[in-house]
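Remarks on the structure that follows.
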Amino acid sequence: MAENTEEKRSLNFIERIIEDDLASGKHDHIVTRFPPEPNGYLHIGHAKSICLNFGTAEKYGGRCHLRFDDTNPEKEEMEYIESIQKDVRWLGFDWSSHLYFASDYFQQLYEIALLLIRKGKAYVDSLTPEQIREYRGTLTEPGRPSPDRDRPVEENLELFERMKQGEFPDGTYVLRAKIDMASPNLNMRDPALYRIKHASHPRTGDAWCIYPMYDYTHPLSDAFEGITHSLCTLEFEDHRPLYDWATAESEYPHQPRQIEFARLNLTYTVMSKRILLTLVRDGYVESWDDPRMPTISGIRRRGYPPEAIRAFSERIGVAKSNSTVDFALLEHCVREELNKRANRVMAVLDPLKVIITNYPEDQVEHVEAVNNPEDPDGGTRMIPFSRELYIEREDFMEDPPKKFFRLSPGREIRLKHAYYITCNEAIKDESGKITALLCTYDPDSRGGWTEDGRKVKGTSHWVSAPHAWETDVIIYDKLFTQEIPGEHTGSIFDDLNDQSKQVLKGCMLEPSLQEAEPGRYLQFLRKGYFFSDPKLSGPGCPVFIRTATLKDPWSKKMKQQKS
RNA sequence: UGGCCGAUAGUGUAAUGGUAGCACAGCAGAUUCUGGUUCUGUUUGUGAGGGUUCAAAUCCUUCUCGGCCAGCCA
């Protein structure tokens with residue numbers, strides 16, 4: 001059909017495997033899964049995995065399951081189960097009816113454990129955790145068999161039953177796979193399959209006091225669900241032989257295949273759950289969904305659109321080498337999306353009063369403003385203009401450097417959508433601080449242009465003073481000052497950016513903004529992309545936070561010259 | 001000096017024996033009622049040595065560097 005017109009995009013190594021499997025007839029459809037443990041909030045690294053799993057399934061007309069790996073009741077909570085579902089949906093993915101929980105398989109898993117025992121492939125061990133570690137050997141020395149390794153099947157069965165019945169306290173017994181204590185891969189040295197935990201599970205309550213381990217549960221869950229390609233991160237590479245052992249020994253007809261890829265690392269951020277928890281717990285940020293956090297809930301509040309995250313995920317690709325993606329690429333994807341859809345509005349964040357001396361005292365007129373030049377259907381709105389206005393303080397310089405083409409004494413600029421104005425005088429207070437600018441306007445320049453076609457290089461945004469809505473605006477910046485936090489200082493907490501949150505008081509916004517509903521993506525003209533934070537906004541009083549700056553070569557150049 | 005995996009511009013990722021490409025970042029310019037967007041141009045790369053071949057990022061080999069593994073976590 002449209003084959004010729006479509007550019008042939010190169011495949012990543014996972015797609016290559018899938019296409020081979022489809023071509024060879026090994027599979028006629030594919031099934032993937034996203035398997036979070038509900039023990040915390042999802043972050044941008046999980047977003048990569050979500051996009052990869054759901055996106056790949058979508059691409060090949062298959063399906064992707066959302067499965068919670070809830071095998072450790074001590075760490076897991078209902079709250080996380082809900083937030084994770086919300087995050088996946090927000091990213092734009094749909095598991096339809098395929099929502100699963102490893103805990104739903106507890107009975108099935110238990111029965112397979114019985115099978116393994118009967119086959120002589122598993123045994124109940126009474127060694128303590130410390131002893132098991134000793135017996136395991138080291139990276140360079142083989143392990144030794146546990147004294148319980150050759151316990152008779154009947155005895156194993158009986159003990160396992162009693163474990164299940166709750167006869168033993170935590171840690172007294174464990175069910176172990178009987179594989180190879182001399183394997184160079186430590187995961188194969190008789191790994192634990194079941195442990196005793198007298199803990200209440202968020203979903204199964206007190207029905208069980210033995211819980212299966214990840215290495216046992218995960219491959220079998222994949223098998224039960226007919227997962228064809230089980231995508232996980234690199235650190236599970238060493239577990240693959242065990243994954244294959246479990247699916248084979250279970251004698252379950254479907255054999256899934258585990259494929260590992262490199263997890264996402266991003267400059268200027270940390271992805272470790274432990275550190276993120278510390279940031280929240282010790283008050284470095286305000287919450288899990290603090291807009292500075294790399295959590296999905298954080299970036300959602302920050303005003304990053306889900307489409308941008310998906311585009312980002314697409315662009316970073318997927319491979320097997322450890323890598324760290326430039327944060328600038330994420331911001332690029334955010335700007336690219338927001339440029340298309342964010343309406344342009346005017347907000348003066350650091351106001352400087354401008355008085356148009358030749359404009360009638362009580363006159364107010366309304367000028368028409370295009371909402372989004374990138375969107376032909378974006379429409380226009382009317383903005384009040386009057387004798388007294390605010391412009392950005394940084395848009396005026398008394399003694400401007402070269403290439404400064406904003407306002408200064410005797411110079412003319414354009415007020416966006418309105419008129420040309422010329423500055424005549426800067427009013428100062430006793431301390432020498434400029435308090436107001438006296439300007440004149442050209443009545444023939446209404447709308448921001450003139451018949452004579454004279455060039456006006458500078459354009460400023462502005463707000464009519466009597467109509468302005470005065471409010472605070474929150475400016476967020478990177479949480480860390482270093483590309484790799486802690487790389488040089490040894491502690492990521494020494495590299496925190498103490499300027500990561502600033503509340504700007506007394507900002508002057510165009511009046512229509514007071515009506516902005518929560519969750520609006522906006523561009524404050526020349527200042528950046530802003531978002532009405534759904535968490536902080538109330539009816540009639542949206543709270544705007546900065547999502548990202550605009551690219552700004554001028555201020556970058558000024559900063560470079562300073563330093 | 002155990003095992004497994006990896007190494008391509010600054011960053012990320014293609015090229016699977018036949019012209020090393022794309023994106024971001026950087027730089028320079030054009031356009032612009034946002035110093036935004038858009039457009040054009042451009043700097044920079046196959047970790048090292050050896051081998052096979054007419055031809056190697058790609059195959060073989062040695063080395064170097066990096067990551068992961070000794071939870072009854074996932």
Side-chain angles (χ1 to χ4, degrees), chain A residues 9-12 16 35-37 39 69-72 74-76 125 127-129 132-134 136-143 170-176 183-189 191-197 210-211 213-215 217-218 232-241 260 262 267 273 314-333 335-336 339-340 344 346 369-370 373-374 403-406 414-418 420 445 447-449 456-461 483 523-529 549-557:
Chain A
R9 203 175 53 87
S10 58
L11 304 176
N12 65 49
R16 201 177 306 269
E37 181 189 16
N39 71 341
D69 255 337
D70 54 346
T71 57
N72 187 349
E74 288 168 350
K75 294 187 174 177
E76 295 149 10
D125 198 351
L127 253 29
T128 64
I132 286 185
R133 196 183 316 130
E134 278 168 39
R136 186 155 31 225
T138 67
L139 294 177
T140 51
E141 300 157 30
D170 290 9
T172 47
Y173 289 99
V174 68
L175 182 73
R176 287 230 254 172
S183 171
N185 182 344
L186 303 239
N187 293 117
M188 300 300 271
R189 319 239 264 226
L193 264 22
Y194 270 89
R195 75 286 217 194
I196 300 171
K197 272 184 197 289
I210 53 171
Y211 291 94
M213 301 289 291
Y214 165 87
D215 279 321
T217 308
H218 197 85
C232 65
T233 45
L234 251 27
E235 68 269 26
F236 292 103
E237 228 157 3
D238 285 344
H239 296 240
R240 192 175 349 117
E260 310 84 13
T267 57
K273 264 187 189 174
E314 190 69 35
R315 298 232 196 154
I316 59 177
V318 56
K320 295 200 68 162
S321 62
N322 293 298
S323 60
T324 302
V325 175
D326 194 340
F327 184 80
L329 180 59
L330 212 209
E331 273 206 318
H332 167 80
C333 293
R335 290 195 187 104
E336 184 179 55
N339 177 53
K340 282 187 287 188
R344 275 62 167 170
M346 296 204 283
V370 173
E374 305 295 321
K403 298 246 184 112
F404 181 87
F405 43 83
R406 277 114 96 146
R414 170 171 35 240
L415 293 179
K416 181 81 177 174
H417 307 305
Y420 292 176
S445 62
W449 60 283
V456 174
K457 184 88 170 149
T459 301
S460 280
H461 58 284
E483 284 200 9
Q523 182 191 115
F524 286 4
L525 219 59
R526 304 205 305 138
K527 296 311 294 181
Y529 293 103
T549 60
L550 258 24
K551 278 211 274 185
D552 187 359
W554 170 251
S555 68
K556 187 171 151 190
K557 190 176 166 186

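Predicted, not measured: the structure shown is a model, and the values here were computed from it. Reminder, nothing fancy here: chain letters follow the sequence lines and each chain counts from 1.
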Has A:Trp554 got its ring stacked on B:G35, by the test of a centre gap below 5.5 Å and a plane angle below 30°?
yes
Regarding B:G26, purine or pyrimidine glycosidic angle vs 90° from 0 gives anti
Within the 4.0 Å heavy-atom criterion, would you say A:Lys197 contacts the bases, only the backbone, or no part of the nucleic acid?
sugar-phosphate
Base of B:G3, side chain of A:Asp238 - is there a donor-acceptor contact under 3.5 Å?
yes
Report which part of the nucleic acid A:Val370 touches: base, sugar-phosphate, or nothing (heavy-atom distance under 4.0 Å, all strands).
nothing
Within the 4.0 Å heavy-atom criterion, would you say A:Leu127 contacts the bases, only the backbone, or no part of the nucleic acid?
base
Please list, chain by chain and in numerical order, all residues satisfying salt bridge (charged side-chain N to carboxylate O under 4.0 Å, His left out) with A:Lys416, sequence neighbours excluded.
none
Considering every strand and a 4.0 Å limit on heavy-atom distances, what is the contact class for A:Leu329: base, sugar-phosphate, or nothing?
sugar-phosphate
State which residues pass side-chain contact (heavy atoms from CB on, under 4.5 Å) with A:Ile196; sequence neighbours excluded, sorted by chain then number.
A:Met163, A:Phe168, A:Asp170, A:Thr172, A:Tyr173, A:His198, A:Ile210
Quick one: label A:Lys556 by what it contacts on the DNA or RNA (base, sugar-phosphate, nothing), any heavy atom closer than 4.0 Å.
sugar-phosphate
Who passes side-chain contact (heavy atoms from CB on, under 4.5 Å) against A:Tyr214, sequence neighbours left out?
A:Asp69, A:His218, A:Phe236
Is any side-chain N or O of A:Arg195 closer than 4.0 Å to OP1 or OP2 of B:C73?
yes
Could you run down the sub-3.5 Å N/O contacts of the protein with nucleotides 36-40 of chain B?
unit_1: B:G36; atom_1: N2; unit_2: A:Arg344; atom_2: NH2; d: 3.3
unit_1: B:G36; atom_1: N2; unit_2: A:Glu374; atom_2: OE2; d: 2.7
unit_1: B:U37; atom_1: O2'; unit_2: A:Asn339; atom_2: ND2; d: 3.3
unit_1: B:U37; atom_1: O2'; unit_2: A:Glu374; atom_2: OE1; d: 3.4
unit_1: B:U37; atom_1: O2'; unit_2: A:Glu374; atom_2: OE2; d: 3.3

Does A:His417 reach a base, just sugar-phosphate, or nothing at all? Heavy atoms under 4.0 Å.
base
May I have the distance from A:Asn12 (atom CG) to B:A15 (atom C1'), rounded to whole angstrom?
15 Å
With heavy atoms under 4.0 Å as the rule, sort A:Arg315 into base, sugar-phosphate or nothing.
sugar-phosphate
I'd like a table of atom pairs between the protein and nucleotides 65-67 of chain B - only N or O on both sides, under 3.5 Å - with the distance next to each one.
unit_1: B:G67; atom_1: O2'; unit_2: A:Asn322; atom_2: ND2; d: 3.2

Stem ranges of RNA chain B by first residue number, counting only runs of at least 3 Watson-Crick or G-U pairs under 3.5 Å, come to B:2-7 with B:64-69, B:10-13 with B:21-24, B:26-30 with B:38-42, B:47-51 with B:59-63
